[in-house]
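Each ligand, and each atom within it, is numbered from 1 in the order the structure gives.
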Amino acid sequence: MNKTIAVIRGDGIGPEIVGEALGVLDAVAARFHHSFIYREAPMGGCAIDEFGVPLPDSSLETCLHADSVLLGAVGGPKWDSQPSANRPERGLLKLREAMGLYTNVRPARMFADLASSCPLRADIAARGIDFVVVRELIGGVYFGSHSTAEENGEQKAVDIMSYTEHEIRRVAHVAFQMARKRRGRVTSVDKANVLDTSRLWRKTVEEVAKEYPDVELLHMYVDNAAMQIVRDPSQFDVLVTENLFGDILSDEASQITGSIGMIPSSSMGEGTRGMYEPIHGSAPDIAGQDKANPIGTILAAAMMLRYSFDMAQEADTVENAVDAVLKAGYRCGDIMGEGCRLVGCREMGRLIREQI
Ligand code: NAD
């Protein structure tokens with residue numbers, strides 16, 4: 001197969017980790033006789049430096065015409081003083097919206113070989129952690145209007161949160177379909193005791209659930225969900241929620257699995273094109289030092305193979321290669337454990353390629 005991939009290397013450790021993921025994709029292409037064509041799409045701080053904006057039109061076009069997008073990370077202290085409309089993250093929000101990527105899927109899975117990195121009590125971790133967070137991505141308060149104005153002699157800030165039924169319905173379908181391929185349980189998270197948007201969320205999810213009688217649906221308030229994720233994460237299979245709650249809970253979910261450097265995510269809309277990235281940021285504190293863990297980005301590339309290109313065997317091969325390297329005791333600094341061998345970003349990439 002021939003596939004065109006838009007490549008956003010981004011800032012900080014972005015170019016290092018994306019470089020290793022592309023090396024892994026090259027190894028997959030060689031083994032399975034595919035051809036992956038990479039088109040560079042500058043975005044983030046590097047694009048501000050070169051083009052004056054975080055997402056130049058040419059990069060947007062490249063992404064819109066590609067079969068999928070692979071992203072490292074954007075942002076860093078150098079661009080913190082940019083006006084909010086021109087910050088690196090704005091490029092990301094604009095790209096998600098332009099590509100119609102309304103769902104973000106993040107697996108929270110603990111690798112058996114990394115159980116010692118799990119911050120939870122051993123008896124809780126022993127029950128296993130294997131669930132996915134399905135987050136609505138282009139609605140809610142992040143995309144509502146924002147304003148700050150003077151009122152009665154003081155500043156007042158307002159952020160509007162809104163949801164329509166169709167915005168809720170389409171992400172609910174993604175969650176139920178995913179549950180069908182997993183353990184058949186959806187936990188929908190909201191704050192229906194307080195928020196109107198949450199009451200509409202709950203009602204709409206219940207309507208969608210009627211089309212999936214084989215899937216169990218539970219509702220949970222977001223404050224309780226935040227507790228349950230650390231009290232007993234083994235109860236979750238697919239957790240679905242709106243944008244703001246999903247942003248927070250998916251970070252919490254990833255943290256309990258060990259390292260932030262290990263976790264991929266996919267953002268999808270209609271059709272097969274998606275955007276794939278690790279969940280972490282640009283880690284400016286370790287950029288350029290060959291210390292970044294590239295596994296999150298490599299597993300993001302595996303998700304791209306599975307979900308956008310329908311290459312399940314190729315995706316399995318990448319995931320098994322990662323498992324094998326971890327089993328052999330190789331670790332980047334963020335997941336280093338006793339008796340293991342410390343390797344840098346480049347060496348970790350090479351070891352994984354070697355397995356493929
Ligand atoms: P971060 O995720 O970049 O870093 C948090 C900590 O985790 C740091 O100590 C870092 O060294 C470590 N870390 C992250 N990824 C790692 C990896 N692959 N291997 C080893 N260690 C890793 O979060 P932050 O410091 O809050 O943000 C830094 C910048 O990234 C900010 O400008 C932020 O806006 C941006 N950011 C971008 C994205 C994105 O592009 N999707 C997401 C989050 C943050």
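- In this structure, Arg170 is positioned above the aromatic face of Tyr102, its NZ or CZ under 6.0 Å from the six-membered ring centre and within 45° of the axis.
- Residues Glu207 and Thr204 bring no donor and acceptor atom of their side chains to less than 3.5 Å of each other.
- Within the structure, ring pair (Phe, Tyr, Trp, His ring centres under 6.0 Å) contacts touching residues 181-211 (residues at least two apart or in different chains) are Tyr163-Trp201.
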Polar pairs, ligand 1 vs protein, N/O only, below 3.5 Å.
{"unit_1": "ligand 1", "atom_1": "2 (O)", "unit_2": "Gly281", "atom_2": "N", "d": "2.7"}
{"unit_1": "ligand 1", "atom_1": "3 (O)", "unit_2": "Gly281", "atom_2": "N", "d": "3.4"}
{"unit_1": "ligand 1", "atom_1": "3 (O)", "unit_2": "Ser282", "atom_2": "N", "d": "3.2"}
{"unit_1": "ligand 1", "atom_1": "3 (O)", "unit_2": "Ala283", "atom_2": "N", "d": "2.8"}
{"unit_1": "ligand 1", "atom_1": "9 (O)", "unit_2": "Asp285", "atom_2": "OD2", "d": "3.0"}
{"unit_1": "ligand 1", "atom_1": "11 (O)", "unit_2": "Asp285", "atom_2": "OD1", "d": "2.9"}
{"unit_1": "ligand 1", "atom_1": "11 (O)", "unit_2": "Asp285", "atom_2": "OD2", "d": "3.0"}
{"unit_1": "ligand 1", "atom_1": "15 (N)", "unit_2": "His280", "atom_2": "ND1", "d": "3.3"}
{"unit_1": "ligand 1", "atom_1": "18 (N)", "unit_2": "His280", "atom_2": "NE2", "d": "3.1"}
{"unit_1": "ligand 1", "atom_1": "18 (N)", "unit_2": "Asn293", "atom_2": "O", "d": "3.0"}
{"unit_1": "ligand 1", "atom_1": "19 (N)", "unit_2": "Asn293", "atom_2": "N", "d": "2.9"}
{"unit_1": "ligand 1", "atom_1": "30 (O)", "unit_2": "Ser282", "atom_2": "N", "d": "3.0"}
{"unit_1": "ligand 1", "atom_1": "30 (O)", "unit_2": "Ser282", "atom_2": "OG", "d": "3.2"}
{"unit_1": "ligand 1", "atom_1": "32 (O)", "unit_2": "Gly76", "atom_2": "N", "d": "2.9"}
{"unit_1": "ligand 1", "atom_1": "34 (O)", "unit_2": "Glu89", "atom_2": "OE2", "d": "2.7"}
{"unit_1": "ligand 1", "atom_1": "40 (O)", "unit_2": "Val74", "atom_2": "N", "d": "2.8"}
{"unit_1": "ligand 1", "atom_1": "41 (N)", "unit_2": "Glu277", "atom_2": "OE1", "d": "3.3"}

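- For residues 107-154, the set of pairs meeting the ring pair (Phe, Tyr, Trp, His ring centres under 6.0 Å) definition, not counting sequence neighbours, comprises Phe131-Phe236.
- Within the structure, every pair that satisfies the salt bridge (Lys or Arg N to Asp or Glu O under 4.0 Å) test and touches residues 29-44, not counting sequence neighbours, is listed here: Arg9-Glu40.
- Annotation: side chain of Ile129 is in contact with side chain of Ile256 (closest heavy-atom distance under 4.5 Å).
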